[in-house]
Amino acid sequence: MTVSWKRSLIPFSVVPILLLLAYGFRTDPRAVPSPLIEKAAPPFSLSLFDGGQLNLDALRGKVVVVNFWASWCYPACYEEAPVLEGGWRAYKDKGVVVVGVNVQDTEQAAREFMRRFQFSFPNGVDPKGKISIDYGVYGIPETFFLDTEGRIAYKHVGAVTGKVFSDQIEGLLERARQAGQERGKPGRGA
Amino acid sequence: VGRKGIICFVISLVIVAPRAFGASSLEEDVRRISAELRCPVCQGLSVADSPSRMADQMRDLIRERLEAGESPEEVKAYFVERYGEWILLTPRREGFNLFLWILPFLGLAGGAAALVIVLRRWKRHPAAASPSVNPAYLERVRREMAQDQS
């Protein structure tokens, strides 16, 4: 009787350890969830390579893609560069803006990178890393998808693929359409 | 000249000393805060120990925020707001973290309690170590030994 009672204790001690190990081995220690999701995107003013400043606040009402990149980030930044440029060209007339933030780079290498991939979307430099720290960036590349209200809807770590880009953009444009229809309904807020 | 020199020295000391002490305390704060923060681009290194450019930028930002009048706690809270609790090398002792902090002590206490119980049992039943024998088997051995002797 005592022995069977003791034996029944074994699963009680082993199962939680196995569950803990299973959970630990399934999670990626490098994937750090951002606490900024669904929160207002930190504002910034970006010094553009083409001259002038880009203020994030001025883009309110548009879906904004903020991409942190560097010319030394190989191969991920090289893989996603055509996706970002293609996405910008496909969606720029639909209320979408792609903004590139170059970090921890040299100006010459960054310009060469932009020339190579024929970047036509606004790109600027974050010389002191303030913008990237403000966005909790811990690796390059990282991409933030902002809704039309200026909130961070999604953060992507690593190279953005065409599917990720279009899925996120379509989702946010749809969300904006629905919000517009809600606002347009008569009697709301009265 | 000697008196003038002494006066100049005292005046410069009065002007420079507080700044020097202030600066060292600012650098101490920067060092202390950055030692508590994880370098985001490194493997298990603090911002204070990392030679990476990002850690350098983070140290500059810590210094800047302290100079702007923020307290060390406010500076740390800023980084937690941006990166989450993950950025702290030593997790805060609250909520689920608190449970993780006390778990090893609970384990030790449980082990000690189990040890005490076992030792007490051994003390109470010193002969318990002798193995129990099947009476039928014992009887058979006795019988066979008796047969051998006869």
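Just so we're on the same page: letters track the sequence lines, and every chain starts at 1.
By the neighbour-count criterion of 12 heavy atoms within 6.0 Å, atom CD of A:Q108 is sparsely surrounded, having that number or fewer from other residues, nucleotides or ligands. More than 12 heavy atoms of other shown residues, nucleotides or ligands fall within 6.0 angstrom of atom CZ in A:F117. Annotation: B:E139, atom CD; neighbour count of heavy atoms from other residues, nucleotides and ligands within 6.0 Å is above 12. Counting non-hydrogen atoms of other residues, nucleotides and ligands closer than 6.0 Å to CZ of B:R140 gives a total of 12 or fewer. Heavy atoms from other residues, nucleotides or ligands lying under 6.0 Å from NZ of A:K62 number 12 at most.
Taking 4.5 Å as the limit, every side-chain heavy atom of A:K128 sits out of range of all side-chain heavy atoms of B:L61.
Without hydrogens or angle criteria, B:Y83 side chain to A:Y135 main chain gives no donor-acceptor distance under 3.5 Å.
For B:E81 against A:L36, the heavy-atom pair with the smallest separation is O-CD2, 3.8 Å. The minimum heavy-atom distance between B:Y78 and A:D134, with the atom names listed, is OH-OD1, 2.6 Å. Here the closest heavy-atom approach between residue B:G84 and residue A:P35 is recorded as N-CG, 3.3 Å.
Every residue two or more places apart in sequence or in another chain that forms a side chain to side chain donor-acceptor pair (under 3.5 Å) with A:Q178 is listed here: A:E174.
Looking at B:E85, there are no atoms closer than 4.5 Å to chain A (heavy atoms on both sides), in backbone or side chain.
To the nearest 0.5 angstrom, A:Q104 atom CD is 5.0 Å from B:Q57 atom CD. Of the inter-residue distances, the one linking A:S132 atom OG with B:R82 atom CZ reads 12.0 Å to the nearest 0.5 angstrom.
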